[in-house]
**Student:** 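I am attaching a structure below and will ask some questions about it afterwards.
First listed ligand is number 1; within each ligand, the first listed atom is number 1. Keep in mind that the numbers below use all heavy atoms, side chains included, and drop hydrogens, waters and symmetry copies.
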Amino acid sequence: MMKDLLRTQDLSRDDVEMLLTTSADFAVDPLKSRDALAHKSVAIYMTKPSTRTRLASETAVAHLGGTPIFIRGDELQLGRGETIADTARIISGYCSALIVRTFAQADVNELGEHSSIPVINALTDDDHPTQLLADWLTIRETFGKDVSGRKFVYLGDGNNMSHAWLTMGAIMGAHVVVATPSGSWAPDAHVVAEAEKIAARSGGRIEVLNDPEIAAKDASVLYTDVWMSMGDPESERAEKMRALAPFAVTENLMGLTAPDSIFMHCLPAHRGEEVEAAVIDGPKSVIWREALHRRTTIQAILYHASRGELRGN
Ligand code: CP
Ligand code: NVA
């Protein structure tokens, strides 16, 4: 049994299949398991801003019959020197799960280690596992279960989203591509190596490229994310914008993709930076469905994690 969802790479293919099946059920009937968390509370602790993940988490808990307790980063005694271990123990005494968004992956891992309840990573500097479940539910709704012969391409910054994209694609046995500038804004080499190991077992294929046009050619999905992530140093902005400019998802780039391709984005988006308005607001964009699936997938994670049904790999 896997208590927590700390990293995308911790999920087994069976876990993902179970979560996607339950998510699809919740998309049809949000109140299907309306008493699963009755008289229980879920803490949602965030030290970075959030629109979707917060709303998705709070509404998911409500749909399972529980009470969400939202805690901003500066509201815990953690900021005044209380340890992560003591905080984890206290939250475990009151709540049935902890959803956490913060900077360091190590802090989320430590919360997991010292909690007796499931701890769910709602974004760190390194990863964004809950987002990828919503993305793959959207991919499956669009293309069905068979991903053979399809190419799933992420373009832009080699950030937390690029890591999660590579890893989940590998778990799903897909051909995944990440195209970024080389050097400072490439994905972490350890994450790429881990994704390659997973892909070797699943029959997937990992490509890390520096050419956006080669990446986009015949792709089924073009995915992008903001170029400045939460916590990125402002001092790097100008250089980063210059380096990433060729990776913007334009109508021209979309024109290279497969005829049935879609555009995806985790949001928030900056039209005119990482994506042209004509693409994100155009007919191939699935962003609104994708965003709504944040709730259905977090609801499924809470449902199965609280029943001890995640197996891990
Ligand atoms: N996609 C996503 O995580 O959005 P928020 O930052 O608004 O939660
Ligand atoms: N890479 C972005 C994702 C936001 C959902 C960030 O970390 O800010």
**Student:** Within the side chain of Asp232, is there an N or O that forms a donor-acceptor pair under 3.5 Å with the backbone of Ser229?
**Tutor:** yes
**Student:** In order of chain and number, which residues sit within 4.0 Å of ligand 1 by heavy atom?
**Tutor:** Ser50, Thr51, Arg52, Thr53, Arg101, His128, Gln131, Cys266, Leu267, Arg294
**Student:** Between Arg101 and Thr47, do the side chains contain an N or O donor and an N or O acceptor separated by less than 3.5 Å?
**Tutor:** no
**Student:** Can you name the nearest heavy-atom pair linking Ser33 to Tyr303, along with the distance?
**Tutor:** OG-CE1, 3.5 Å
**Student:** Residues two or more places apart in sequence or in another chain: which of them pass side-chain contact (heavy atoms from CB on, under 4.5 Å) with Asp35?
**Tutor:** Ala38
**Student:** side-chain contact (heavy atoms from CB on, under 4.5 Å) with Thr87: which residues, sequence neighbours excluded?
**Tutor:**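 Partners of Thr87 by the side-chain contact (heavy atoms from CB on, under 4.5 Å) criterion, ordered by chain and then number, come out as Leu76, Leu78, Glu82, Ile91.
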**Student:** When you check the side-chain N and O atoms of Gln105 and Asn109, is any donor under 3.5 Å from an acceptor?
**Tutor:**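 Their side chains do contain a donor-acceptor pair, which is all the 3.5 Å distance test asks for.
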**Student:** Can you tell me how the ring of Phe152 sits relative to the ring of Phe143, calling it parallel under 30°, perpendicular over 60° and tilted otherwise?
**Tutor:** perpendicular
**Student:** Check whether Phe26 forms a cation-pi arrangement with Arg295 (NZ or CZ under 6.0 Å from the six-membered ring centre, at most 45° off the ring normal).
**Tutor:** no
**Student:** Residues around ligand 2, heavy atom under 4.0 Å from any ligand atom, sorted by chain and number. Can you pull those?
**Tutor:**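 Lining ligand 2 at under 4.0 Å, by heavy atoms, one finds Leu123, Asn159, Asn160, Asp225, Val226, Ser229, Met230, Leu267.
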**Student:** Look at Lys32 together with Asp25 and state whether they make a salt bridge at an N to O cut-off of under 4.0 Å.
**Tutor:** yes
